[in-house]
Protein chains: 2
Amino acid sequence: MVTYQDDGWGVLGDPTRRTIVLQLAQRPQAVVELAAALPISRPAVSQHLKILKDSGLVAEHAEGTRRIYHLNEVGLTALRDQLDAFWNRALSGYQDIIDKSTKETP
Amino acid sequence: MVTYQDDGWGVLGDPTRRTIVLQLAQRPQAVVELAAALPISRPAVSQHLKILKDSGLVAEHAEGTRRIYHLNEVGLTALRDQLDAFWNRALSGYQDIIDKSTKETP
DNA sequence: ATGAACGGTAAGAGTAAACTTACGGATGGT
DNA sequence: ACCATCCGTAAGTTTACTCTTACCGTTCAT
């Protein structure tokens with residue numbers, strides 16, 4: 001009863017789309033490259049990319065006949081903030097661990 | 001092709017389950033109470049609770065005929081850590097904002 | 001100009017998730 | 001003992017997501 005458009009969770013609920021995001025985190029890539037790294041057809045990748053683009057998580061630009069997709073920082077951080085808001089509410093009873101993200105990545 | 005059992009995202013991908021978690025964050029509640037606050041039938045709530053319980057996000061204990069559900073801190077933080085791992089990888093190109101969670105909740 | 005590579009979209013099939021109603025078991029009160 | 005409340009599960013329906021194949025437009029090279 002709730003399309004993934006309605007909330008941010010659903011967009012990344014699909015493991016293929018998460019894989020695409022992680023792929024693009026390494027470097028911007030064309031559709032053909034993404035499809036080669038995935039076990040699904042190229043049109044299926046295009047459909048996932050459309051969803052990711054519509055939700056503002058990725059963007060693309062043309063390079064010849066290729067469309068180079070890359071992450072959209074604004075959309076990604078916005079979604080992460082949205083999820084953080086959920087976690088803060090969900091874990092409000094356990095205040096201690098909310099700040100566990102003081103990870104100074106050594 | 002991926003049941004929500006396979007990963008943590010799917011479990012909270014359903015907005016009803018997120019609402020249940022937020023409800024339980026306020027206080028432990030019986031099934032009947034949760035169902036009263038939701039637009040779906042009581043059995044549907046039971047089914048969601050089963051999924052949440054199987055994934056370790058909630059637990060319950062009996063009180064007379066009632067089953068009082070409450071959050072499971074261990075499972076919740078484990079899932080949040082899992083999501084954090086994704087975000088760290090996805091946003092690794094934007095190191096600055098990864099530590100934005102230095103929020104000392106004023 | 002012709003052909004090839006790239007990619008978006010339409011149409012349709014298959015599958016899984018989420019809901020409902022119906023039923024049965026367990027506990028507690030009278 | 002009997003009835004009411006609470007709740008889990010089974011069965012079945014509906015919805016919507018994901019995928020595939022097929023087709024078409026665009027861009028570049030020869």
Side-chain angles (χ1 to χ4, degrees), chain A residues 1-24 27-72, chain B residues 1-24 27-70 72 79:
Chain A
M1 270 59 178
V2 173
T3 77
Y4 39 62
Q5 314 276 10
D6 292 346
D7 62 349
W9 283 85
V11 179
L12 291 183
D14 184 87
T16 298
R17 284 194 286 271
R18 286 199 300 277
T19 302
I20 291 177
V21 168
L22 293 180
Q23 284 281 327
L24 295 181
R27 70 172 191 285
Q29 287 176 50
V31 179
V32 130
E33 296 176 277
L34 290 168
L38 292 167
I40 58 177
S41 69
R42 184 196 49 76
V45 174
S46 273
Q47 287 159 8
H48 282 301
L49 287 170
K50 177 175 173 55
I51 293 168
L52 288 168
K53 194 173 108 179
D54 287 349
S55 61
L57 298 189
V58 307
E60 112 271 15
H61 70 273
E63 258 183 36
T65 69
R66 327 181 76 188
R67 299 255 173 154
I68 311 297
Y69 280 81
H70 59 92
L71 296 185
N72 179 9
Chain B
M1 269 60 177
V2 172
T3 77
Y4 38 64
Q5 313 277 7
D6 292 344
D7 62 349
W9 283 86
V11 179
L12 290 184
D14 184 89
T16 299
R17 285 196 284 273
R18 286 199 302 276
T19 302
I20 290 177
V21 168
L22 293 180
Q23 284 280 327
L24 295 180
R27 69 170 192 287
Q29 289 177 48
V31 180
V32 129
E33 296 176 276
L34 290 168
L38 292 166
I40 58 177
S41 69
R42 185 196 48 77
V45 174
S46 274
Q47 288 160 5
H48 282 301
L49 287 170
K50 176 174 174 53
I51 292 168
L52 288 169
K53 193 172 107 181
D54 287 348
S55 63
L57 298 188
V58 307
E60 112 270 17
H61 70 273
E63 257 182 38
T65 69
R66 328 181 76 189
R67 300 255 172 155
I68 311 298
Y69 280 82
H70 59 92
N72 179 10
L79 176 53

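In the text below, chain A, chain B and the rest are named by the order of the sequence lines, each starting its count at 1. Keep in mind the model is a prediction, meaning the values are calculated, not measured.
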Which atom pairs, one a donor and one an acceptor, fall under 3.5 Å between side chains of residues 57-69 of chain B and the rest of the protein, sequence neighbours left out?
{"residue": "B:Glu60", "atom": "OE2", "partner": "B:Arg67", "partner atom": "NH1", "Å": "2.8"}
{"residue": "B:His61", "atom": "NE2", "partner": "B:Glu63", "partner atom": "OE2", "Å": "3.2"}

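The distance from atom CG of B:Leu49 to atom P of C:dA17 is 17 Å, rounded to the nearest whole Å. At whole-Å resolution of the value, CG in A:Asp14 and P in C:dA16 are 14 Å apart. Taking atom CD of residue A:Gln47 and atom C1' of nucleotide D:dA22, one finds them 13 Å apart after rounding to whole Å. A:Arg18 places its CZ atom 16 Å from the P atom of D:dC17, with the value rounded to the nearest Å.
Among the nucleotides D:dT18, D:dC19, D:dT9, the one closest to any side-chain atom of B:Pro43 is D:dT9. When distances run from any side-chain atom of A:Ser41 to the nucleotides D:dT20, C:dT20, D:dT18, the shortest one goes to D:dT20.
With sequence neighbours left out, the side-chain contact (heavy atoms from CB on, under 4.5 Å) criterion links B:Ser46 to B:Val31, B:Arg42. With sequence neighbours excluded, the residues that form a side-chain contact (heavy atoms from CB on, under 4.5 Å) with A:Ile40 are A:Thr16, A:Leu38, A:Ala44, A:Val45, A:His48. In this structure, A:Gln47 has no side chain to side chain donor-acceptor pair (under 3.5 Å) partners at least two apart in sequence or on a different chain.
In this structure, A:Gln23 contributes its side chain and A:Ala37 its backbone to no donor-acceptor pair below 3.5 Å.
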Contact letters for nucleotides 1-7 of chain C, in which S counts primed atoms plus P, OP1 and OP2 and B counts the base, heavy atoms under 4.0 Å: -----SB
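Residue A:Leu12 holds its CG atom at 11.0 Å from CD1 of A:Ile51, rounded to the nearest 0.5 Å.
Taking 4.0 angstrom as the limit, B:Thr16 places a side-chain polar atom (N or O) nearer than this to OP1 or OP2 of C:dC19.
For the pair A:His48 and B:Lys50, both in contact range of DNA chain D, the more 5′-proximal nearest nucleotide belongs to B:Lys50.
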